[in-house]
Amino acid sequence: MSGGLAPAPFAPVARGVLEFRPMIEWDEMHLSMRDAVRKFVESEVKPKRDALEREEILPYDILRKFFDAFGVAEMNRARGESEVRRAQKREEAVARGEAPPARAKRDGPDPQAGLELAMRMIPVIEFCKYSPGLITALGVSAGLTPNAIISKGTARQIERWALPLLTLEKVGAWAITEPGSGSDAFGSMKSTARRDGDEYVLNGSKTFITNGPYADTIVFICKLDEGNAPSERKVVSFVLDRGTKGLEQSKPLRKMGQHSSPTGELFLEDVRVGRDRLIGESEEGRGREGAKETFVSERTLVAAMALGIIEQCLSLSTEYARTRIQFGKPIGEFQLIQLKLAKMEVARMNVQNLIFRQIAMAAEGKSMDLAEASACKLYSAQATMEVALEAVQLFGGNGYMSEFHVEQLCRDAKVLQIYGGTDEIQISQIARTLLARG
Amino acid sequence: MKILVPLKRTADPDNANKIKIAPGGAKVVTDGLEPKPNPFDEYAVESALRLTENGTNPKARLAGDSVVVATFGAKEASQTLRQALAMGADSGLLFEASDENLDGDLVARALAKVVEREKPDLVVMGKQAVDGDSNQVGQILAERLGWPSATFAMSIELSQDKKSVIVGREVDGGVIKLKLALPAVITVDLRIVAPKSITNHVTPQTHNYQEGARYAPLPMIMAAKKKPLAEAPFASLGVEGVKTSYVKFEAPPARKAGIKVKDVPELVQRLRAEAKAL
């Protein structure tokens, strides 16, 4: 050493050997997608926002138009068809008495997966700037519901029910919550299925069901009543069609926000179904465990919804602070207003970074564990609520009026802290994981 | 058939009320406005795609057909070209230039050079850019090339032998139809993106397009990254010198507030006495 304080020189590493590309910003292709989706949202969603808010129109036609124009229906159909083939192979192997082939899991980086996650998130962000309820309705209809069928269903069931949901030909609903069972979804669940010969008889009522009033295809989650104690009953799921005898779908419930997403109740009275409607055609379904993957993907989506709402609140607020004159100057020159803008920007950066992390992880062939996904959802939802409340405050009297749209985003934001697991559930999930690490 | 579509990146036309005039009226300031493709140019891309495809399979150009998009602008304008590639165009050309050093005449001369190189059978472009609203380039380009031209097109019918087009133009009292031998220059107006405004004898007559320019499907956006996009300095075209100089920009005078009248007799009285309209 020469004794100087200069750092030791590194030998330069040849390009391509050291491939380290953290995600620090949206790349050109992401921006192209964003621009294309933004154009759609501005010309197809923005003008219909008030009609959606007043519940004069349903979300499904707009969503179908998006699916068709952007090739999403086609991509989803291809994905669904490959799931059908995968399930067929599994069934053939089982019929031959072999172990079912494991789901191919890529080892190492998977840039395509990163791009696909970004491709899913970018429309979520853009739609949520105007109508977060559209994403709730879409996420349940073309995500949660078909995924529940795909993860446990037979090839025939996937083809028959998941495919038309993935393409939005049909509207789907996923029914788990009941009047007496919310966060304690399985523990307090009262809905039952009873065997009766070759058939099952279903009873129970479900509430807060997204798309419930208009769903063509419903995944109904209940407990198999074999005369045993409720806590020992197996959890099973059935697929029901609109119009099935004994099934009643309520009118939309009135609610605080997310008016573009119809929410309702379902009542089942002695609904008789064949075994072909039992998902997996087996009572040994992984009812409880299967929920875990669902929770991770649901929570991932919330961060993207959060970013859309935050970005819009910040952009509307900045513009308002610049142009609203009080005491002879733009209110943006007052420090209390500046504080609000600065806090919103901090939240925007944090949530955006969480999204970049999720995309970067997908590109590395990794995914968040449940605790991290929970932390992500908890922070994003709380940050969104704070930002939206601050935006209303910044707009003052105008913020309280519908015309300025921040009040809608504020009402819409609240449910992010409630659905997909309440803040309290996320907190206990995170804490339990921390404590278990010892 | 090869179609060339020139594109311009403009400041967000939906927020045109946010432009400002620089002190002294030296120029128009568009800071803070998102750059977007000139809408009429997007209609031109849509027209070119409809001319070169079977509308029932808009993902592929017809055998032997291609659409080339070109722009003169900042490096970031490549984004605008990529967007057109994602809609379905085959290749893009970016000639790096600063908008402030261009005028309609220079753009037309430069485009003539691009046409010389690319040898398209047809140039389809927007009738004008929504920022300068000059409405000159198509006309000057046709003149320089010695090609027939039709402006403000609301319909285009490509002949079966692909040797000529019949262009509809809205005029007072109806639609005038012009037959042009190819190669030719067409500038398009808003109605060119109506559901049935383009005929190419391949797309079934029963086919209805969505109104407007198509959205770029997400898989096509990914595929567009692999399509050829060449970049070169504007100087490489070998044309220079602007003939237009802007003396001064002024914002239009603010409108005076109107007045309210209490009834019809007062309205009539004021129209007669003050406005002298009756």
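Here is how names work: the chains are called A, B, and so on, in the same order as the sequence lines, proteins then strands, and each is numbered from 1. Heavy atoms only: backbone and side chains are in, while hydrogens, waters and symmetry mates are out.
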Does A:F127 offer a backbone N or O that forms a donor-acceptor pair with the side chain of A:S131 under 3.5 Å?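 No: the side chain of A:S131 does not pair with the backbone of A:F127.
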Interface moiety of [X] toward chain B, non-hydrogen atoms closer than 4.5 Å:
X: A:R38; answer: side chain
X: A:I122; answer: neither
X: A:D68; answer: neither
X: A:M33; answer: both
X: A:E116; answer: neither

For chain B, which candidate among A:P123, A:A69, A:S43 shows the most heavy-atom pairs at distances under 4.5 Å?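 Among A:P123, A:A69, A:S43, the one with the most close pairs to chain B is A:A69.
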Please classify the contact between B:E76 and chain A as side chain, backbone, both or neither, with a heavy-atom cut-off of under 4.5 Å.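 B:E76 has no heavy atom closer than 4.5 Å to chain A.
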Interchain contact, B:M222 with chain A, by part (heavy-atom threshold 4.5 Å):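 Both parts, backbone and side chain.
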On a heavy-atom basis, which atom in B:L111 and which in B:M125 lie closest, and how many Å separate them?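 Minimum heavy-atom separation between B:L111 and B:M125: CD1-CE, 4.2 Å.
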Please find the pair of heavy atoms, one from B:R9 and one from B:P35, that lie closest to each other, and give the distance.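 Taking every non-hydrogen atom into account, NH2-CG, 3.2 Å.
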Determine whether more than 12 heavy atoms belonging to other residues, nucleotides or ligands lie under 6.0 Å from atom CD of A:E56.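 Check passes, neighbour count above 12.
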Is it true that, when you exclude B:Q210 itself, more than 12 heavy atoms of the residues, nucleotides or ligands shown sit nearer than 6.0 Å to its CD?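 Open.
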Answer yes if the side chains of A:S32 and B:Q79 hold a donor-acceptor pair under 3.5 Å, and no otherwise.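 Yes, a side-chain donor-acceptor pair sits under 3.5 Å.
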